[in-house]
Amino acid sequence: MFRPVSNKLDVPALEREVIERWRERDTMSRYLARNDGSDRRFSFIDGPITANNPMGVHHAWGRTYKDLFQRYHTMLGEKQRYQNGFDCQGLWIEVEVERQLGFNNKQQIEEFGIDRFVELCKERVAKFAGIQTEQSKRLGYWMDWDNSYYTNSDENNYTIWAFLAECRRRELLYRGHDVMPWCPRCGTGISNMEAAEGYKDVRHLSVTLRLPITSPDHDGEDLLVWTTTPWTLSSNVAAAVHPGLTYQLVEGRDGRRWWVSSGSKARVAGDAAVIREAPGAELVDLTYSGPFDHFPAAEGVAHRVIPWSDVSDAEGTGIVHIAPGCGQEDFALSKVHGLAVVDPIDQFGVFGDGFGWQTGRYAGSVPDASEDLARDVAADLDERGLLVAKESYQHSYPHCWRCGTQLIFRLVDEWFIAMDPLREPIGDSTRSATWLPEGIGLEERELDWLRNMGDWMISKKRYYGLALPIWECTDCDGWEVIGSKEELRERAVTGWEEFEGHSPHRPWVDAVEIACSACGGVARRTTDVGNPWLDAGIVALSTLKWNTDREYWREWYPADLITESFPGQFRNWFYALLTESTVMTGQAPMRTLFAYALMRDEHGEEMHKSKGNSIPFDEAADRIGADVMRWMFAAANPAVNLNFGYGPGHEVVRRFFLPLWNTYGFLVTYARIDGWTPDQLDGVEAARTFLDRWILSRLDGLVGEVGEGFAGYDAHRATRAIEAFVDELSNWYVRRNRRRFWKGELDADKRAAYATLYEVLTTLCRLMAPITPHLVDAMWDNLVAGVSDDQPDSAHLASFPERIEGRADADLDASVDLVRRTVALGRAARSATALRTRQPLRAARVKLPAGREAFASDPRIDAELRQQIREELNVHEIDFIPDESEMVERTLYPLLPVIGPRHGASVGAIMAGVRSGAWSLNEDGTATVGEATLQPDEFQLTARARPGHEVAEEGDVLVALDTEIDDELATEGLAREVAHRLQALRKAAGYEISDRIRVGIAAEPEVADRLESHRAWLADELLAAELALGPEAAVGDADAAETADLDGVTVALSVARA
RNA sequence: GGGCGUUUAGCUCAGCUGGUUAGAGCACUGCCCUGAUAAGGCAGAGGUCUCUGGUUCGAGUCCAGAAACGCCCA
């Protein structure tokens, strides 16, 4: 016997119960092991979650996909690895630990001790990995949690060593001297792909200044330059012009004359008189005096004009200030033109010696204007008469993606992986994978990034992260890459003892010195750590034991699926994965990449902690439950941003969870009353009704649809199909079958009803198991596990449903569809009559679509369907309306795609003629509309309602009602009304559905007489053991009573328990 | 600055290769129904389909231009 089901659905409470049951029964372990013996594989590689904070709801979106696709393949019987991953190294963690310790810069870390700092970083990731593990379990994410991978593991780090050694072997790795974006707070370079993440609009003080030309024959002439980074002016060595642009010498202030490009002249110099024009090429090689030539750092710098085709005059003056120590393009130009390179600032963004008053000052922009260097530069220039203009200028500027500090560009030595030789092979890998969802150009976006990608800067001047296995000789220029721990042990000259027993992290690994293979000198490890995307990108190799068990790797590589949110990952994880895997294996690490967009709040706004609209995972799990979230995530269109919030969450509960839960509750309620159990199947097949076969047909279609959806990583499609099915189940199948469950004895018909609904619900449990594991198992435990010994005790140990031959029946589906349309139209017509639905009517008249003569071709089924319509509409008869009926008129419907090309300009006239009724049919099958003749293939005839009848129509179906009420109908309506009132009293008295009662109906004799003819029906309807009817009729000890006025008829009603 | 995308009801979004009167869900209003339902049904209100021009018998849909917003790149 089933346990009773509460009609209140509290999802979080239900989930807690289910989780407790799973714990008691060790369900998850059995799930993880259930396919151990299978020879089929589904390989999923998890993209590591940053173990740096508790999860937000946005993490739960991706984890829902990861879980549900794995669950689906588990139910198909495929063996899997179920390995979750944590991202555990990198600047993001250092920044949080610094914040905890109250540190602001690197010196404080070094004073604190790198070893202690690194230990704190490790502790932090361990702590949050633990928290995220618990949160993931709360989500219902079933993974092999004791076997999670951590990117700070030895395995991961040493696999990257092997990768870098391979890069070295193929001469892809190099030490570069270049200008890179630099975070002065973190004291480290930022790779271009990270910098791309942090562009924000900010205002900077921009200045326009004059640079006096020192070449002969240019006395009194200045070059006008404009810059948004005044701090770089003291490093100026050149001014660039576009050789093809036209430049103008114009009248300036204080008797000076200024050179500007013609395109910028109006903006920069207004209507100043033009003295002469010259192409940019003519200005090349002119010399000028720099803005800060009196600083020692500028000593010996010969400032001159150089040509540069990237100069534009859309902004500024068309003459660009060049400081090779402060800009990437500037540095590249310095190589081309042999310019001096002035390198002004240190790792903290502070000017070094030789920069006069700027020495010791911070170069970057600061919030406090009084300390802003740009302001002081402008004032200095103004004092010396060099400032022409200044303004606050808004532009998009890179910021540190972890700490938010504005980046500055700085000359550094960093390690790079050359991309040119890799573009093609990585492109091939990219193209070999399937990128889903389709239609949003995911693959093309990855390829676009690959085409434009600069060399990958992999080093960071930090403390906690991958120790780059690069040893640099202290005597010669030599450097080498160590590919493994074993190799390091062999090569170690000193420091091995200090390192042994530690993870390959700073500071321990820094102690190891080797002998330079070129000169024999002492080689020390570069103190740089690695870019964290190396860590995440290697997991397709490291977690599959590339270094230690190549057989295992072959078994699982490439992955069938990886999945991650796509904005941002093209240049991060996807890119790193493809690069590292392609270098090492020559192929992509995945067959399919399924990606999804970003989560927004329910109004479409970006979620931010600071805005207060971000939702912590725990809060959402407590308030609406994991399964509600999971359903929303699975139902989302992954191609577009998901608007998530409690409002939409409650809507899911109301619209979908409740009807499903109540359907389940309905089955259990009546099965308990009847003592029905799932083994009671006598005569069920033969007794199945039309509607039973219909819902099973729909179920079969659903099984196919959901399976295809999951197999194609289209959870959206699966959820849509399930929602539509549950609506049909609840609002048609159950609604139409209520009485079968309600009526007297447990016969074959009733068993068929139970068996059908039972099969539908248990199949739904298995179909939905990957999406809503808790809800489904709550139902499964009661419906299956509690009553059957030969079934798994959890839906998650069951197999995924398969289609059943012969179940799907398109005719059934079409017939029910027609019935439902007919009922909907009948209701619309009823609404128009102002007669309440409880009042029976004599007949509904139905005009069926052309070519249909009945609701079903089988007369028995047709009769069943007509009976359903009668009940729904409360009418006695269903008649059909022939085309010739006076209620119907025929309408000509021209087929526009056909007549358009043939009749051209007269289409408008034809349509007008049809609308006004000015058309006629001809003997030969053509039709005449106004002047035009339509051929038989150019139109269709359709029946439409003739005005003046109470009808409703939609498309090719029309329903009209006979609204005449005779005495018999009126009396029946009265009985229905009385029954309705008494049912309300039953409810008010708090009776159970199956309680037998006594009923009293007091009414004047004439009314009592009328009701007498419906006595048996009333008693049956109300489960009344006694029914007193007469002028004074009443029951003793009434639990509830009411005197009702029914359209002028007064009745006194009372009920009591039998 | 370059590339891509979006713009349809109060909100979130569908509208396939051009075709009768542009749809759905939510929210709103009214009515109906109810012993499975925090449910259901019917109806209503709500639209210059961002704008301008073009192609066409016919444009939300195709073309050109503009605007706003967003994303990517620089």
A:Arg986 side-chain proximity, nearest of B:G35, B:A38, B:A36: B:G35

Rounded P spacing from B:U48 to B:U8 in Å: 11 Å

Which nucleotide wins on minimum distance to the side chain of A:Pro659, given the candidates B:A36, B:A38, B:A39? B:A39

State which of B:C26, B:C57, B:C73 makes the closest approach to the side chain of A:Arg571. B:C73

Rounding to the closest angstrom, what is the interatomic distance between B:C62 and B:G18 at atom P? 9 Å

Within the structure shown, what part of the strands sits under 4.0 Å from A:Gly900 by heavy-atom distance: base, sugar-phosphate, or nothing? base

When rounded to whole Å, the CG to C1' distance for the pair A:Asn572 and B:C73 reads 14 Å

How far does the C1' atom of B:U29 sit from the matching atom of B:A22, given to the nearest Å? 23 Å

Nearest whole angstrom, please: distance from the P of B:C32 to the CD of A:Glu977. 11 Å

Between C1' of B:G3 and CG of A:Leu447, the distance in whole Å: 15 Å

With a 3.5 angstrom cut-off on both distances, give the Watson-Crick or G-U wobble partner of B:A39, or none if there isn't one. none

If pairing means Watson-Crick or G-U wobble with both distances under 3.5 Å, then the partner of B:C62 is B:G54

Just by distance, no angles: are the side chains of A:Arg720 and A:His716 close enough, under 3.5 Å, to form a donor-acceptor pair? yes

Do the ring planes of A:Phe741 and A:Tyr670 sit parallel (below 30°), tilted (30 to 60°) or perpendicular (above 60°)? tilted

With the side chain of A:Arg838 defined as its heavy atoms from C-beta on, choose the nearest nucleotide among B:A39, B:U34, B:C57. B:U34

Give A:Ala984 one of three labels, base, sugar-phosphate or nothing, depending on what nucleic acid heavy atoms sit under 4.0 Å from its own. nothing

Report the nucleotide, chosen from B:C73, B:A36, B:U37, that has the shortest atom-to-atom distance to any side-chain atom of A:Trp449. B:C73

Just checking A:Tyr758 against A:Trp676, ring centres under 6.0 Å apart? yes

Whole-Å C1' distance, B:C63 and B:G47: 25 Å

For nucleotides B:C49 and B:G60, find the distance between their P atoms and express it as a whole number of Å. 7 Å

With distance as the sole criterion, do the side chain of A:Ser730 and the base of B:A39 form a donor-acceptor contact below 3.5 Å? no

Could you tell me if A:Asn874 and A:Arg830 have a donor-acceptor pair between their side chains, going purely by distance under 3.5 Å? no

Rounded distance in Å - CD (A:Glu446) to P (B:C73): 11 Å

A:Leu825 CG - B:G41 P separation (whole Å): 14 Å

So, OP1 or OP2 of B:G25: does either fall under 4.0 Å of a side-chain N or O from A:Arg655? no

Consider the side chain of A:His980, meaning its heavy atoms from C-beta on, and name the nucleotide among B:U34, B:A38, B:A36 that approaches it most closely. B:U34

I'd like to check A:Met779 versus A:Leu667 (side-chain heavy atoms, cut-off strictly below 4.5 Å). Are they in contact? no

Roughly how far apart, to the nearest Å, are B:A9 and B:G46 at atom C1'? 6 Å

Nearest-nucleotide 5' precedence on RNA chain B, A:Val907 against A:Tyr664: A:Tyr664

Under 4.0 angstrom between A:His650 side-chain N/O and B:A38 OP1 or OP2: no

Would you mind telling me which of B:C26, B:C42, B:A36 lies closest to the side-chain atoms of A:Thr663? B:A36

For A:Gln983, which contact category applies under a 4.0 Å heavy-atom criterion: base, sugar-phosphate, or nothing? base

Residue mapping more 5' on RNA chain B - nearest nucleotide basis, A:Ser906 or A:Thr837: A:Thr837

Between B:U34 and B:C42 - C1' atom distance, rounded Å: 15 Å

For B:C26, the Watson-Crick or wobble counterpart (both distances under 3.5 Å): B:G10

Side chain of A:Arg738, heavy atoms from C-beta onward: which of B:A36, B:A39, B:C26 has the nearest atom to it? B:A36

Spacing between A:Phe644 atom CZ and B:C11 atom C1', to the nearest angstrom: 18 Å

Nucleotide paired to B:G5 in any strand shown, Watson-Crick or G-U, under 3.5 Å: B:C69

Here the gap from A:Thr229 atom OG1 to A:His321 atom NE2, rounded to the nearest 0.5 Å, amounts to 5.0 Å

Rounding to a whole Å, what distance do you find between A:Glu871:CD and B:C33:P? 17 Å

Is it the case that more than 12 heavy atoms not belonging to A:Arg1057 sit under 6.0 Å from its CZ atom? yes

Take the protein atom OH of A:Tyr733 and the nucleotide atom P of B:A39, then report the distance between them rounded to whole Å. 24 Å

A:Arg827 side chain, from C-beta outward: closest of B:G19, B:G41, B:A36: B:G41

At under 4.0 Å, does any side-chain N or O of A:Tyr670 touch on OP1 or OP2 of B:A36? yes

Counting side-chain heavy atoms from C-beta on, which of B:G40, B:C42, B:A38 comes nearest to A:Asn731? B:G40

Show your reasoning for whether side-chain contact (heavy atoms from CB on, under 4.5 Å) applies to A:Leu1023 and A:Arg986. CA-CA 10 Å; A:Leu1023 290 185; A:Arg986 271 191 70 115; 3.5 Å; yes

Quick check on B:A36: is either OP1 or OP2 less than 4.0 Å from any side-chain nitrogen or oxygen of A:Arg739? no

How far, in whole Å, is B:G58 from B:G2 if one measures between their P atoms? 36 Å

